[in-house]
2 protein chains.
Amino acid sequence: MSLEEKKISCHLTQGEADSFIKNLPVEEEIQDLSEFFKVFGEPTRLKILFLLKEKEFCVHDLTVMLDMNQTAVSHQLKYLRQVRLVKYRKDGKNVFYSLNDEHITGILATGLDHIGE
Amino acid sequence: MSLEEKKISCHLTQGEADSFIKNLPVEEEIQDLSEFFKVFGEPTRLKILFLLKEKEFCVHDLTVMLDMNQTAVSHQLKYLRQVRLVKYRKDGKNVFYSLNDEHITGILATGLDHIGE
DNA sequence: TGTACATATGTTTATATATTCATATGTTAA
DNA sequence: TTAACATATGAATATATAAACATATGTACA
């Protein structure tokens, strides 16, 4: 019996295990992917994204509609900026934010579809 | 000038703001949705899901392939069970886990598509 | 130029949670 | 029925992070 055939686990040989591990996304992709999904795993960010799906808004618009602290909204917008899901333009005293990724609407729709069962 | 027309924010009247707020998913949906996405926002859970996408595995299989503490794996499997993304069957000493949701593959693919740009 | 307004950001605090440790439960086979 | 193995789980710990607080920056306008 070769080394390859020896079970290292319930039903796995070393060779089989290696093969499954090899087909996993590499560590960096896993990290990036989890950070991408993490964005959507927080209620405030979700609400911001749902609002921006309709049209661009300035920070104060969002603060009013979300009924939240301006600071909290700004921090979340900074977060969304860093992961490049939103972009912004300055106009006088205001900064207008809008979506910057065409996947967002689809992702949100899939999620809604899921919980709507 | 009616109350409706008075700006309460940068460019919003009260009526407009109310309208956008009304079109948001209700609070409970937002909560459910964020908890759904939160599942995918963690590297260990992602790896488990990617592995289970191939075939069912017992806890020890996963522990070996992920090179992780059995306890940590069990805790994440419990989590995944609770949000109904995996199901399990017992077979003697082993418990085999498999995916329990047809959205998962699509969600993962969309995410990979996103980070692959 | 000073005041009000809009936004950003560093720090702190409170909370959530991933992992580990210790241990319990359950199963199989000697 | 005892030993070895597989899995689960409660508690402790360490870390991440959302929100709040204090404050800074930047803009417009009187």
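Throughout, protein chains are lettered first and strands after them, A, B, ... in sequence-line order, and every chain is numbered starting at 1.
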Student: State whether B:N94 places a side-chain N or O below 4.0 Å from either non-bridging phosphate oxygen (OP1 or OP2) of D:dT7.
Tutor: yes

Student: Which whole-number value in Å describes the distance from B:Y79 OH to D:dT9 P?
Tutor: 17 Å

Student: Strictly below 4.0 Å, N to O, side chains only: are A:K47 and B:E27 in salt-bridge contact?
Tutor: yes

Student: I want to verify a distance call: between D:dA6, C:dT7, D:dA19, whose nearest atom is closest to the A:A72 side chain?
Tutor: D:dA19

Student: Of the options C:dC21, C:dA18, C:dA8, whose atoms approach the side-chain atoms of A:Q70 most closely?
Tutor: C:dA8

Student: Quickly work out the A:K90 NZ to C:dA8 P distance and round it to whole Å.
Tutor: 7 Å

Student: Counting heavy atoms from C-beta on, name the nucleotide in D:dA8, C:dA18, D:dA19 closest to the side chain of B:Y97.
Tutor: D:dA8

Student: Expressed in angstrom and rounded to an integer, what is the separation of B:N69 atom CG from D:dA11 atom C1'?
Tutor: 15 Å

Student: Whole angstrom is fine here: how far is it from CG in A:D61 over to C1' in C:dT7?
Tutor: 13 Å

Student: Under 3.5 Å, is there any donor-acceptor pair linking the side chain of B:H75 to the base of D:dT7?
Tutor: no

Student: Without decimals, in angstroms, what is the distance between B:E35 CD and C:dA16 C1'?
Tutor: 11 Å

Student: Do the side chain of A:E16 and the main chain of A:T13 share a donor and acceptor less than 3.5 angstrom apart?
Tutor: yes

Student: Given D:dA19, C:dT20, C:dG10, identify the nucleotide with an atom nearest to the side chain of A:K78.
Tutor: C:dG10

Student: For the pair made of CZ in A:F40 and C1' in D:dT17, what is the distance, rounded to whole Å?
Tutor: 18 Å

Student: Among C:dT7, D:dA18, D:dT7, which is the nearest nucleotide to the side chain of A:H60?
Tutor: C:dT7

Student: Give a yes or no on whether the backbone of B:K38 and the side-chain of B:R45 come within a donor-acceptor separation of less than 3.5 Å.
Tutor: yes

Student: From the options D:dA18, D:dA19, C:dT20, select the nucleotide whose nearest atom is closest to the side chain of A:T44.
Tutor: D:dA19

Student: What is the distance, rounded to the nearest whole Å, between atom CG of B:L62 and atom C1' of D:dA6?
Tutor: 13 Å

Student: Can you tell me if the side-chain N/O atoms of A:R81 get under 4.0 Å from OP1 or OP2 in C:dT9?
Tutor: yes

Student: Are the side chain of A:E29 and the backbone of A:V26 linked by a donor-acceptor contact shorter than 3.5 Å?
Tutor: yes

Student: B:M68 has an atom CE; how far is it from atom C1' of D:dT7, in whole Å?
Tutor: 15 Å

Student: Looking at the side chain of B:T71, which of C:dT7, C:dT9, C:dA22 is the nearest nucleotide?
Tutor: C:dA22

Student: Using the side-chain heavy atoms of A:K93, tell me which of these nucleotides is nearest: C:dA8, C:dT19, D:dT27.
Tutor: D:dT27

Student: Do A:F36 and A:I107 come within less than 4.5 Å of each other through their side chains, counting heavy atoms only?
Tutor: yes

Student: If each of A:D91 and A:Q76 is mapped to the nucleotide of DNA chain D with the nearest heavy atom, which maps nearer the 5' terminus, i.e. the 5' end?
Tutor: A:Q76

